[in-house]
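Keep in mind that this is a model prediction, so the values were computed, not measured. Order of the sequence lines fixes the chain letters, A, B, ..., with proteins taken first and strands second; residue numbering starts at 1 for each chain.
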Amino acid sequence: MAIQLSEQEIQRRQALDEMRKRGIEPFPAALFPVDTLSKQLKQDFIERRQVVMAGRLMSKNIMGKASFADLQDSEGRMQLYVNRDEICLGEDKALYNVVFKKLLDLGDFIGIKGETFVTGTGEPSVKITELHVLAKAVKPLPVVKTDKDGVIHDAFTDPELRYRMRYVDLVVNPDVKETFIKRSKIMTSMRNFLSNKGYLEVETPILQPIPGGAAARPFITHHNSLDTPLYLRIANELYLKRLIVGGFDGVFEFAKAFRNEGMDKTHNPEFTMMEMYVTYKDYKWMMETTEQMLETICMDVLGTTKVTIGENQVDFKAPFKRVTMIGAIKDHTGMDIDGMDEVHLREVCAKLNVPIDETMGKGKLIDEIFGEKCEGSYIQPTFITDYPIEMSPLCKAHRDNPELTERFELMVNGKELANAYSELNDPIDQRKRLEEQAKLADRGDDEAMFIDQDFLRALEYGMPPTSGIGIGIDRLTMFLTGNDSIQEVLLFPQMRPEVFQTESNVPIIELSDEGKAVMKFLTEQMSLGDLKAKSELSNKKWDRVTKELRSAGKIEIWKDGEALMVKEV
RNA sequence: GAUCUCUUAGCUCAGCUGGUAGAGCAUAUCCCUUUUAAGGAUAGGGUCCUGGGUUCGAACCCCAGAGGGGUCACCA
């Protein structure tokens, strides 16, 4: 154990040893028969009820022979009243005087039996009759206190510590816990909505020989016995469509996808999306389904469709507005790009000050204009429809205009929340479009796709008309929990690996060469100034060496009148 | 990737123009039987992120590095 312990950690380890000496196992094996949780107990509070509870000891307020303490379980906190003579019926008062008062620390898990009552100040409490140690915490939690005005003192807020030690964050910040409970409810609600429609929840490969279905850089790994590269999926779309070919009417998957790109407030290398495909439908049907689903989720999770996102009030009440992409660009720039070729589009980009580069094709140019000039202004849920064909290689051409596709993106608070198509099911056209994408790859667009030959073969066997959608679960959770950072809605956001001090990388405490040299000059007793002069060290090094020698217990420095003296210990 | 910024006790944070580090909570010891973030008294607790440099002297100034956060670029 080379990790250096703080004073409090040492004290807690000593308390743990002391418990064992007294015959109390700090980590007992047997179950503890909990029958009551704090929130429920407070909601239907009746006095004189017998309860068995367990949780962390989160505060102790000792007043001689009686104490108040807070017990925190999965739902919240309950105040305990601990009276010496109620928990120690005989002459031996050690359980109270020693175990409770001294050996139990904040953060320890305890189990209690007791009876409910209300204190003089009106606080529902439990007067305990039994106290059991269930698990000792040898590291102190941050102490966060909330006063009666709800003001939080000494909040545990450092994002680095909160994300790296989410377990501490969850213990100490109830709002954080609430966010993840909501995230789970959102997914449950969505799952129920889709299952109730008769769609099948499926699981498709995360390790894929060809990373298809989106334009993004993949993570690559290697399978040893196949001796072949495998990619972490960037999307599951092509697998779900194979299942539609196989004869399912509706399939969906909550899928982790992995994209090897930049990280910021809204992008984590792994993220979750729900993708769904339904046969004999088109993207118009999908818009209706999506707005119904989101409205339902809001009602299930929040009880309202109105959500505050940052400065904005957003209402998820269906129906949502529908705007075509060309219409959106016209609305925000006054430019009509309908039917324009690449050369003219580049001129428009130049005129609008939209930054572009050589690798961009027609679709990408339009996307850039939209992203730069329009995207941010759609605060209320809005379907942007009819994307240019070039940037939607898996999407069916528009029934009225072959330049466009039957695609929509759902914009909320200026961000994309969902992306959906009438899926392209013409295998000949699909092959051609994927090949065009591959050509773009040659132009240097490193996000262009690999061609998945097996997917094309599947389409050749025939895929019914299908509409598909992908919804970003992390984003949806951000919207519905009022968080503006993806890290706040991921339990364990990706971070650079932490460097730990362990035995292998803590240098063995041995005197430095300078330290050894100084020791050689040291006589029985001499002035500190003389020793420094003899050492010929720079001031900084001298400072370090004296500190080192002192903490190693090699020398002692004291004041003799005005003079600083030093001697060997 | 560019740029700005932060890193001081277990936690939250002060720390002036460069002069050998402070507070509150937590912890330890003692007193206290219905308290409400903080009862009273006393005490201990520091690799000032790391490594160099400047200086008589560095938590503070300079350089390099690590980690975090913000903004921009790219992506969902």
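A/R13 has its CZ atom 17 Å from the P atom of B/U27, to the nearest Å. Atom pair A/D264:CG and B/G1:P shows a separation of 14 Å (rounding to whole Å applied). When the C1' atom of B/G39 is taken as reference, atom CG of A/N61 falls 8 Å away, rounded to whole Å. Rounded to whole angstrom, the span from the CG atom of A/L5 across to the P atom of B/U47 amounts to 13 Å. Taking atom NZ of A/K65 as the reference point, atom P of B/U34 lies 11 Å away to the nearest angstrom. In this entry the distance linking CD of A/Q11 with P of B/A9 reads 17 Å, nearest Å. Distance A/F68 CZ to B/G39 C1': 14 Å, rounded to the nearest Å. Rounded to an integer number of Å, the gap from A/I152 CD1 to B/C13 C1' is 17 Å.
Between A/Q487 and B/G69 there is a side-chain N or O to OP1 or OP2 distance below 4.0 Å. Dashed line: the shortest gap from a side-chain N or O of A/K145 to OP1 or OP2 of B/U12 is not under 4.0 Å. The shortest distance between the side-chain N/O atoms of A/R496 and the OP1/OP2 oxygens of B/A66 is not below 4.0 Å. Contact annotation: A/K265 reaches the phosphate of B/U71 (side-chain N/O to OP1 or OP2, under 4.0 Å). Phosphate proximity of B/C30 to A/K102: present, with a side-chain N or O under 4.0 Å from OP1 or OP2. OP1 or OP2 of B/G68 lies within a sub-4.0 Å distance of a side-chain N or O belonging to A/R164.
Of the candidate nucleotides B/G69, B/U12, B/U35, B/G69 has the atom nearest to the side chain of A/Y163. Taking only side-chain atoms of A/D154, from C-beta outward, the nucleotide of B/C25, B/U35, B/A76 with the closest atom is B/C25. With B/G45, B/C13, B/A76 as the candidates, the nucleotide lying closest to the side chain of A/E7 is B/G45. Between B/U36, B/U27, B/A76, one nucleotide has an atom nearer to the side chain of A/E123 than all others, and that is B/U36. Nearest to the side-chain atoms of A/L106 among the listed nucleotides B/U35, B/A26, B/G45 stands B/A26. Closest to the side chain of A/F271, from the set B/A76, B/U35, B/C74, is B/A76. Checking B/C13, B/A37, B/C11 against every side-chain atom of A/F156, the shortest atom distance belongs to B/C11. Closest to the side chain of A/P142, out of B/C11, B/C25, B/U35, is B/C11.
Here the separation of B/C32 from B/C48, taken at their P atoms, is 41 Å to the nearest Å. Separation of the C1' atoms belonging to B/U71 and B/A64 is 24 Å when rounded to the nearest angstrom. Rounded to whole Å, the separation between the C1' atoms of B/C60 and B/U20 comes to 13 Å. For the C1' atoms, the distance from B/A23 to B/U8 is 13 Å, rounded to whole Å. Using C1' as the reference atom, B/A37 and B/A43 are 23 Å apart when rounded to the nearest Å. B/G65 and B/U3 have their P atoms separated by 11 Å, with the value rounded to a whole Å. B/U47 and B/U7 have their C1' atoms separated by 14 Å, with the value rounded to a whole Å. Distance noted for atom P between B/C6 and B/U17: 15 Å (whole Å).
Between the side chain of A/E160 and the base of B/G67, no donor-acceptor pair under 3.5 Å is found. Between the side chain of A/Y81 and the base of B/U35 there is no donor-acceptor pair of N/O atoms closer than 3.5 Å. No donor-acceptor contact under 3.5 Å links the side chain of A/S6 to the base of B/U27. Within 3.5 Å, no donor on the side chain of A/T121 pairs with an acceptor on the base of B/U34, nor the reverse. At a cut-off of 3.5 angstrom, the base of B/C75 holds at least one donor-acceptor pair with the side chain of A/H267.
As judged by a 4.0 angstrom heavy-atom cut-off over every strand, A/D85 is placed among the base-contacting residues. Residue A/I62 is in base contact, counting any heavy-atom pair closer than 4.0 Å across all strands shown. Among the atoms of the strands shown, base atoms are found under 4.0 Å from some heavy atom of A/T266. At a threshold of 4.0 angstrom between heavy atoms, the contacts of A/R475 are confined to the sugar-phosphate backbone, with no base atom among them. Residue contacts for A/M273: at a heavy-atom cut-off of 4.0 Å it reaches no nucleic acid atom on any strand shown. A/N268 comes within 4.0 angstrom of a nucleotide base, judged by non-hydrogen atoms across all strands.
In a base pair of the Watson-Crick type (N1 to N3 plus N6-O4 or O6-N4) or a G-U wobble (N1-O2 and O6-N3), with each distance short of 3.5 Å, B/A37 is matched with no nucleotide. Remark: B/U50 base-pairs with B/A64; criterion is Watson-Crick or G-U wobble with both hydrogen-bond distances under 3.5 Å. Taking a pair to require two hydrogen-bonding distances under 3.5 Å in either a Watson-Crick or a G-U wobble arrangement, B/G1 pairs with B/C72. When Watson-Crick and G-U wobble pairs are counted only if both distances are under 3.5 Å, B/U27 pairs with B/A43.
The salt bridge (Lys or Arg N to Asp or Glu O under 4.0 Å) contacts involving residues 82-92 of chain A comprise A/D85-A/K93, where partners must be two or more places apart or lie in separate chains.
The residues A/E115 and A/K127 are annotated as not salt-bridged, no charged nitrogen and carboxylate oxygen being separated by less than 4.0 angstrom. Between A/E9 and A/K139 there is a salt bridge, with a side-chain nitrogen of the basic residue lying less than 4.0 Å from a carboxylate oxygen of the acidic one. The residues A/R162 and A/E488 are annotated as salt-bridged, a charged nitrogen and a carboxylate oxygen being separated by less than 4.0 angstrom.
With hydrogens and angles left out, the side-chain atoms of A/T481 and A/N483 include a donor and acceptor closer than 3.5 Å. For the residue pair A/R77 and A/S59, no side-chain donor N or O sits within less than 3.5 Å of a side-chain acceptor on the partner. A donor-acceptor pair shorter than 3.5 Å can be found between the side chains of A/Y277 and A/E275.
Taking the six-membered ring where the residue is Trp, A/F117 and A/Y81 present perpendicular rings, their angle passing 60° and hence far from 30°. Ring geometry for A/F370 against A/Y378 counts as parallel: the plane angle stays under 30°, on a 0 to 90° scale with 60° as the upper cut.
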